[in-house]
Each structure stands twice: as C-alpha cells, then as structure tokens.
Peer 1: 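Here it is: the structure, laid out below.
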Amino acid sequence: MPGVPRPSSRCALPERTPPAILRAMAAQKNKTAHWADSYAARVVAERGAADPTAGGARAHFTCASGITPSGTIHIGNFREIITVDLVARALRDRGEPVRFIYSWDDYDVFRKVPKNVPDAEAFEQYLRLPITKVPDPWGAEESYARVHEKRIENVLPEVGITPEYLYQAERYRRGEYAGGIRAALAGRETIREVLNQHRTEPLPADWWPVSVFSRFNERDNTTVLDWDGDWMLTYRCDDTGNTETVDIRSAGCVKLPWRVDWPMRWAYERVDFEPAGKEHHSAGGSYDTAREIASRVYGYEAPVSFKYDFISIKGMGGKISSSSGEVIAIDDVLEVYQPAIVRYLFAGTRPNSEFAISFDLDVIKIYEDYDRCERIYYGIDEVGEKKRLKESRIYELSQVDEAFARAEAERAEAGARETGAVGSVASGERAPGAAGADGDPPAGAPDSGVPADAAGGPDPTAAPRTPPVQVPFRHLCNLLLITAGDIEAALDRFEAANEAHRMSAGNREDARVRARCAWNWIQKHAPEDFRFSLRSAGDEPVELGEAEHKALQALIGELETRFDSQDEKSLQSAVYAIARSHDLEPADFFAVLYRVLIGKEKGPRLAGFLMTLGRATVLEILRPYRERTNEQG
RNA sequence: GGGCCGUUAGCUCAGCUGGUAGAGCAGCAGACUCUUAAUCUGCGGGUCGAAGGUUCGAACCCUUCACGGCUCACCA
C-alpha cells in the first residue's frame, strides 16, 4: 500500500492558484468533452496538481469508491465502480498519477437476511454481528461478506478494472483508525451539531459518535458509557449486561457510524474524488454532513463528487433491490454483453441519468451501436467532427485494455497535432482536433484512408491502425444456430465466407467472447421466433404436396448447378421464379423451404440464409427429397 | 417540509460554451410479389411543459408556475 499517509502527517492543501484553476476550467469548457474528462479536469483544477516527486499526500490523485458487501453487488452498484474507473482513466490519460481505492465496508452490521439466503430463518441468529463474522450460507467462503467481495473481485479484471481493495473490518480491528475515532470523540459536539441540522429528532444527550461491537457476544447492541478524553472508552453490552473499558488503539471493536466514517476515511486516504448515489447527495444527505464533518473535525476538504443515478433492468420494473435477492449482477450482464460493451454502456451514458439494461431484442441494437462506434473510431464510417470526437472517446474508454486505449489516444493526438499544424497554416482557421494540446479528449481517428506515413516519413508512434474484423451480432446468432452453438465452427464459417473476414488471433479471441455472449443470449433471452435448429438428412422428411415437391426438386437442381455463381438477389429471384412456374404462392414456397430446412414456418431471410449455410450443407439437408424424386421418376 | 432531476417529432431520446430544431424506431412512397423488429433509397417543420425576464438573438441563461419522478429527514 504505497504512500498511504498517516492522519498525523496531514498537511494543508497546497495553496490554490486561481489563474491555474481558471485555465483548467477554460480548457475544460473549451471543447465538447466526455464527462469523464470534464470531471478529471475538475479534480485537477480543484485539488491542485499531483506531483509524483513530492511524495506523500500529493503524489497522486486518490479516487475512491466502496460499498457494504451485505448482499449481492448488483449492476447498479457496479455503476459507481466503473464511474470511478472512467474518471481515473481520464486522469491517467492526462498524465496524472492515480490511486484507485475500493473500500469493502465489511465491518458493517448484518441487519437483514436477504431472501436468497437458504434457510433464512435460521440465519437470523447472526443479526447484529459484523458481516465478516457471519458465515457463508453456501459454505464456500470464510464469511458472508467475503462471498460478495470475491464475486466482484473475480469479475472486475474482466472489464479492465483493478482497484486497490481496502478491507474495513481488518483496518478497524487493526486499530488503524484509532486516531480518527479519537478525533470523532473529541469532536462529539461539533458532529452532533452538524447531524442535528438535518434531523427531526435531535440526537440524545448520551449519544456518542461511535458504535461498539461487544467483546462478550460480538454484537453491536451496546451503549457507550464514558470516554476518558484520550484512548479509553467504556461501554456496556446490553445483551449480556457486562461493562468494560477498552483501549481504542488495540480493542478493534469500536467503529464510526457511516456519516462520520465516510469523512474520516476521506481524510485518512486523502481522497480527491468519490462519486456517490443519489441517496447520499440530497440536501441533508450524508455527503452534506460528511463534507462539514471532514472540514470541521478532520480539517480536510471534501473530495470532488457527483451524483450518479440508478440502473434498472428493462422488463424487471422498479429499482434493483439487493435485499430481495433477485438481482442482476455484473456476471449476469457479462453473460450477454462482451466486456467492452459493458463498459460502453456506462461510458456512453451521462452518470446522472438513469438507464435500463436490456436483455431483449435491444441487445442486437446495442451491439450494432457499439460496432458503429468502433467504425467511427477507425474512420471507416464518416461523421461530423463533433460526433467523431465524442464517439471516439467513448470507444477508447470502453476498451478493456487501458494501455491499448492510452496508446491509441497518444497516437491519435500526435496525428492530430500534425494535421492540425498543416491545417492551420493552410486555412488560417483553427484546425479541428488540433487545438487540444492539454488534456482535451484526444482525437480518436486520424483521417481515414490516409496511410500513417503519408504526412512525411514513418512515425514510430503512429502504428498502423488496423480496425478489427467485426462479426455482426445478428449474423453471428444465425451462424451459431446453424452450428447448434458450436462457437469454433460458427467462427470458421464466418472466416471462410470472405477473404475480408480473416481474423488475427486476438481478433478471433474477441469474437469468441462475443459468440459466447450471443449463444447465451439466444438460449436465455431471444424470442422463440428467433431460434431454430437445422434439420438433417437423417430426420423424417417433411410431407409435401406434388407441386411443392416438384418445385423443391427444381430448386435443388438450381443449387446443384449454379449455387456458387449466385448472389443473394438472383438466388432470391430464382426462388420466386421456381415458385411461380410450379403454380405456388411464393409465400407458401418459402414456408415449405423453412419447414424442410429448419422445421419452422419462418426463418432468416432466405437467400442470405442459403448462402450462409453454403452449398454442401443445403444440398445435404435436401438430399432425402431429391432421392424420393428419383424413385418416383 | 428540504433538495435534485425530468417535461423536445407517434415512440425512445440527442442537442454539454445561447445564433433560425436533430437521430433511431414507427409511418408513408419506391426498389424484387419479400420471410427473423428483413434489406436498400427517398420523405422529419414539432407552440422544444406554461408564463414572464435578460439578450441583436434562448430548447439552452434568470424568475415563477404546472405535471411527473427520485431522494433526505431511521440505518448504512
């Protein structure tokens, strides 16, 4: 844990230099920035620049997030984590050193048994214990808290998030916060005053700004009786009636209530940025009181913060409640959305607006949107300058590999500088994307189609920007249905279909992840209409009328002789022509073909579907009909 | 009671530093009689919730109001 400052080494904030702030503000306003970049600019402006050589407090910016692992950490909770990650990245992209801490508030009390706990009634015996002392109801981990912590810790690297975890139970027990606790006790009246401003009932006269876990039964049903003005605290265990005096430096059983705990830890970790949910951000909410307590009791200026809104799940209605146990976690989202797209969902939405995550047909659209964003980033799709900058930045922030994104950003910036210099000389106007020397979102894509070295010799920083081969989600779904979920076979078919579909190893790995998501989606969420499975020559042949049979034979003949020279349109026309020449309604003939191929009345757009299946597969499925024809003939 | 956020084309929403309103979907027309929100092309004047105000100019800034939602005032 590098450079964690002791509370005692607390020093005043560096003096603000208004001109610098103004400059940063101006830079921030200068351009249409991504919200993450705007907040990064604000952090720098309001907190004073980090200086790695200074050591201690100002060596880096500290971005913090955290939660109580008292139930499944759901996708709504995840918003805070990724929000901090995005701002942390934006800071790093400006060249600022960042420490990203994630606090597991696992010294909190177990207050309610969630519904997803097996044998919930029996579990009530653990109420009022700290959640780290509650056993894992599923028997795998060392504690109830650990179950939830581990689930998140295991999955975050998948989406490119790797914070430094702080375990509060451990820290409290170790006595790390003894100084902070004593300061709270000493500031008792100040804290009381602050909290009372927003309470209906004033805090009782015997109230103390601490809570104690009894050392007799480990529960927090205790009453503080006295404090000696220094380290010794006397309390009574209300369950057992025992009374004892403990040293808060070593007892480890004294903790601060949330509204005091939060500002204490801001000061302790010297937090510069920490957003919070809207329950903390109304007037009189915990951010308000924490800000005041931080300043008056801990001599620390509250971090830059903002409010993020809730996430909902389309079709689930209402807000996510972890106590109900029925909850969508990140793992669930990752089953259907590949990691970069999970990031994209959050990076592309302003944090203060609510949005719903969908598992229905919208999934296809989200994938298509992401692919378009990628094409804009690589200059394949041309759009207006404003949109290009915006989409490109979103794309960068969506990448799981932070190093990749940063390298791309640097290359783009270098490219933008060059083209900018040329442009401004030539036109006398501000070249788009060139002005941003300091910290605006770097231009994403240099001019498309222009070789990297066109502007004068090879540039070592301008690595060739080869866009990945995109595997459209919808098409991928059809391929997977054709291969009955065989991912490698589906991707092989995709690659074989077209020279331009050849993928690099990394590209193929990404496609594999996408294919797993697509298959999960098909199985768990896609509408019934969407699914099909291919019939095979071994299946009982479909009963057909005379004309239908003949038409089918004709089509087989057509496919045998001319399949490979067909394109989608002429194949489609051929199907129509055959239907008409056999006195069949085209629609009926289509239905016949779907019945024969996939045992359904409808299916994917036929011509393209046949092409996707390929000559060999189609003829193999149709073989029984051909043979019967021969017998008859 | 305090605070915050919405209210923009039929629907979902963009519009972040004020300069004569945009996108997707739906719809309509055409393209191949069209099938898994099928594909391509063309078509978008809506009192930007209401009323005042600032401004040469406001969806965007200020004030007031209406409606909808959220949140705090218990714990975390």
Side-chain angles (χ1 to χ4, degrees), chain A residues 25-35 37-38 66-71 105 107-112 131 168 195-203 211 220 255-262 276-289 306-307 309-310 312 314 318-319 322 348-350 352-356 358 360-362 364-365 368-369 372 383-384 386-387 390 474-475 477-478 481 522 526-532 568-577 579-580 585-594 597-598 600-610:
Chain A
M25 300 275 229
Q28 173 193 346
K29 285 190 162 185
N30 187 22
K31 279 217 156 171
T32 56
H34 188 274
W35 57 264
D37 293 310
S38 300
I67 197 174
T68 302
S70 62
D105 298 344
Y107 210 31
D108 289 352
V109 187
F110 188 56
R111 291 183 302 149
K112 209 162 90 185
I131 51 179
Q168 298 307 339
L195 296 183
N196 276 345
Q197 284 168 11
H198 304 283
R199 295 174 63 96
T200 34
E201 295 289 313
L203 291 160
S211 64
D220 75 338
K255 79 181 278 277
L256 296 172
W258 165 247
R259 281 184 185 249
V260 184
D261 177 63
W262 202 20
K278 51 187 178 180
E279 71 274 29
H280 299 298
H281 264 285
S282 342
S286 56
Y287 183 78
D288 260 16
T289 55
F306 62 81
K307 170 177 58 181
D309 209 316
F310 295 141
S312 58
K314 187 177 172 189
K319 71 173 184 183
S322 47
T349 311
R350 300 187 150 267
N352 62 354
S353 59
E354 186 181 345
F355 74 96
S358 302
D360 60 10
L361 253 13
D362 289 351
I364 298 175
K365 175 140 198 318
E368 283 171 356
D369 287 351
R372 170 155 168 83
V383 294
K386 229 173 163 179
K387 178 153 189 173
K390 185 181 168 195
R474 185 184 200 91
H475 184 46
C477 285
N478 282 330
L481 286 160
I522 289 167
E528 179 53 35
D529 277 1
F530 206 89
R531 279 173 253 177
F532 63 82
E568 213 172 305
K569 279 187 178 177
S570 58
L571 187 53
Q572 186 86 3
S573 310
V575 176
Y576 277 101
R580 279 191 222 100
E585 283 299 315
D588 294 337
F589 188 46
F590 276 104
V592 166
L593 294 173
Y594 288 119
L597 291 169
I598 59 176
K600 297 178 65 165
E601 294 298 310
K602 292 160 84 174
R605 199 170 157 73
L606 189 71
F609 185 48
L610 292 175

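The figures here come from the full heavy-atom set of this structure, side chains too, leaving out hydrogens, waters and symmetry mates.
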Peer 1: Roughly how far apart, to the nearest Å, are B/C56 and B/A51 at atom C1'?
Peer 2: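 Comparing C1' positions in B/C56 and B/A51 gives a spacing of 23 Å.
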Peer 1: Got a minute to check which stems RNA chain B is part of, using Watson-Crick or G-U wobble pairs under 3.5 Å, three or more consecutive?
Peer 2: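 Ordered by first number, the stems with RNA chain B (at least 3 consecutive pairs each) read B:1-7 with B:66-72, B:10-13 with B:22-25, B:27-31 with B:39-43, B:49-53 with B:61-65.
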Peer 1: Please give, in whole Å, the distance from B/C72 C1' to A/H280 NE2?
Peer 2: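 My rounded result for the distance is 11 Å.
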Peer 1: Taking the side chain of A/K278 as heavy atoms from C-beta outward, which of B/A76, B/G2, B/C70 is closest to it?
Peer 2: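 Selected nucleotide: B/C70.
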Peer 1: Does A/R199 place a side-chain N or O at less than 4.0 Å from the phosphate oxygens OP1/OP2 of B/C75?
Peer 2: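 Result: yes.
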Peer 1: Looking at every strand, decide which applies to A/H281 at a 4.0 Å heavy-atom threshold: base, sugar-phosphate, or nothing.
Peer 2: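 Touches nothing.
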Peer 1: I need the A/Q197 CD to A/D288 CG distance, nearest 0.5 Å.
Peer 2: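 With rounding to 0.5 Å, CD (A/Q197) is 9.0 Å from CG (A/D288).
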Peer 1: When the C1' atoms of B/U20 and B/A38 are considered, how many whole Å apart are they?
Peer 2: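 It comes out at 39 Å once rounded to the nearest Å.
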Peer 1: Whole angstrom is fine here: how far is it from NE2 in A/H34 over to P in B/U17?
Peer 2: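 Answer to the nearest Å: 16 Å.
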Peer 1: Nearest 0.5 Å, what's the CD1-OG distance between A/I131 and A/S70?
Peer 2: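 If I round to the nearest 0.5 Å, the distance is 5.5 Å.
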Peer 1: Whole-Å distance between B/A26 P and A/L361 CG?
Peer 2: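 After rounding, the reported distance stands at 12 Å.
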Peer 1: Can you tell me how far the CH2 atom of A/W35 sits from the CZ atom of A/R350, to the nearest 0.5 Å?
Peer 2: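 If I round to the nearest 0.5 Å, the distance is 9.5 Å.
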Peer 1: What's the gap between B/G22 and B/G44 when it is taken at their P atoms, as a whole Å value?
Peer 2: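 Those two atoms are separated by 11 Å.
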Peer 1: Taking only Lys NZ, Arg NE, NH1 and NH2, and the carboxylate oxygens of Asp or Glu, determine whether A/K255 and A/D108 approach each other closer than 4.0 Å.
Peer 2: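 Yes, A/K255 and A/D108 are salt-bridged.
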Peer 1: Starting at NZ of A/K307 and ending at P of B/C4, how long is that distance when rounded to a whole Å?
Peer 2: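 Result: 8 Å.
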Peer 1: Between atom OH in A/Y287 and atom P in B/A76, what is the gap in whole Å?
Peer 2: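 After rounding, the gap between these two atoms is 20 Å.
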Peer 1: Taking the P atom of each, how far is B/G53 from B/U17, in whole Å?
Peer 2: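 Pairwise P distance, B/G53 against B/U17, rounds to 24 Å.
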Peer 1: Which part of the nucleic acid, if any, lies within reach of A/F609 when heavy atoms closer than 4.0 Å are counted: base, sugar-phosphate only, or nothing?
Peer 2: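 Answer is nothing: A/F609 stays at 4.0 Å or more from every strand.
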Peer 1: Which value, rounded to the nearest 0.5 Å, describes the distance between A/F532 atom CZ and A/I522 atom CD1?
Peer 2: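 Atom-to-atom, A/F532:CZ and A/I522:CD1 are 8.0 Å apart.
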Peer 1: How long is the gap from CG on A/D261 to CG on A/D105, to the nearest 0.5 Å?
Peer 2: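 One gets 6.5 Å once the value is rounded to the nearest 0.5 Å.
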Peer 1: In this structure, how many angstroms lie between the P atom of B/A76 and the CD1 atom of A/I67, rounded?
Peer 2: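 Result: 15 Å.
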Peer 1: Assert yes or no for the condition that the ring centre distance of A/Y287 to A/H281 is strictly below 6.0 Å.
Peer 2: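 Between A/Y287 and A/H281, the centre distance is under 6.0 Å.
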Peer 1: Assign A/G603 to base, sugar-phosphate, or nothing according to its heavy-atom contacts below 4.0 angstrom with the strands shown.
Peer 2: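 Result for A/G603 = base.
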Peer 1: Nearest whole angstrom, please: distance from the P of B/C13 to the CG of A/D362.
Peer 2: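 It works out to 12 Å between those atoms.
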Peer 1: Between B/C16, B/A76, B/U71, which nucleotide has the shortest distance from any of its atoms to the side chain of A/F310?
Peer 2: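 So the side chain of A/F310 is nearest to B/U71.
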Peer 1: In whole Å, I'd like the distance from the CH2 atom of A/W262 to the P atom of B/A76.
Peer 2: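 Checked: the CH2 to P distance equals 14 Å.
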Peer 1: Side chain of A/S282 only, please: which of B/A76, B/U71, B/U39 is the nearest?
Peer 2: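 Of all the options, the side chain of A/S282 is nearest to B/U71.
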Peer 1: Please pick, from B/C16, B/A76, B/U71, the nucleotide with the shortest atom-to-atom distance to any side-chain atom of A/R259.
Peer 2: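 Between B/C16, B/A76, B/U71, the one nearest the side chain of A/R259 would be B/A76.
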Peer 1: In whole angstrom, give me the gap between the P atoms of B/G6 and B/U63.
Peer 2: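 So the two P atoms sit 15 Å from each other.
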Peer 1: Relative to the 5' end of RNA chain B, which residue comes earlier, A/R350 or A/A283, by the nucleotide with the nearest heavy atom?
Peer 2: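 By nearest-heavy-atom nucleotide position, the 5'-most residue is A/A283.
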Peer 1: Go through B/A73, B/A14, B/U71 for me and flag the one nearest to the A/E279 side chain.
Peer 2: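 Output: B/U71.
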Peer 1: If the C1' atom of B/U47 is compared with that of B/A9, how far apart are they to the nearest Å?
Peer 2: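 Those two atoms are separated by 13 Å.
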Peer 1: State whether A/S286 places a side-chain N or O below 4.0 Å from either non-bridging phosphate oxygen (OP1 or OP2) of B/C72.
Peer 2: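 For B/C72, neither OP1 nor OP2 has a side-chain N or O of A/S286 closer than 4.0 Å.
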Peer 1: To the nearest 0.5 Å, tell me how far A/D588 CG sits from A/E601 CD.
Peer 2: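 Between A/D588 CG and A/E601 CD, I get 9.5 Å after rounding to 0.5 Å.
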Peer 1: Could you work out the separation of B/C25 and B/U39 based on their P atoms and round it to a whole Å?
Peer 2: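 Each nucleotide's P atom is 9 Å from the other's.
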Peer 1: Mapping A/I598 and A/E585 onto RNA chain B by nearest heavy atom, which one lands closer to the 5' end?
Peer 2: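 Counting from the 5' end, the first nearest nucleotide belongs to A/E585.
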Peer 1: Using atom C1' in both nucleotides, what's the gap between B/C67 and B/A50 to the nearest angstrom?
Peer 2: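 Looking at atom C1' only, B/C67 and B/A50 are 11 Å apart.
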Peer 1: Does the side chain of A/W262 pick up a donor-acceptor pair with the side chain of A/S286 at under 3.5 Å?
Peer 2: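 Side chains of A/W262 and A/S286: no pair found under 3.5 Å.
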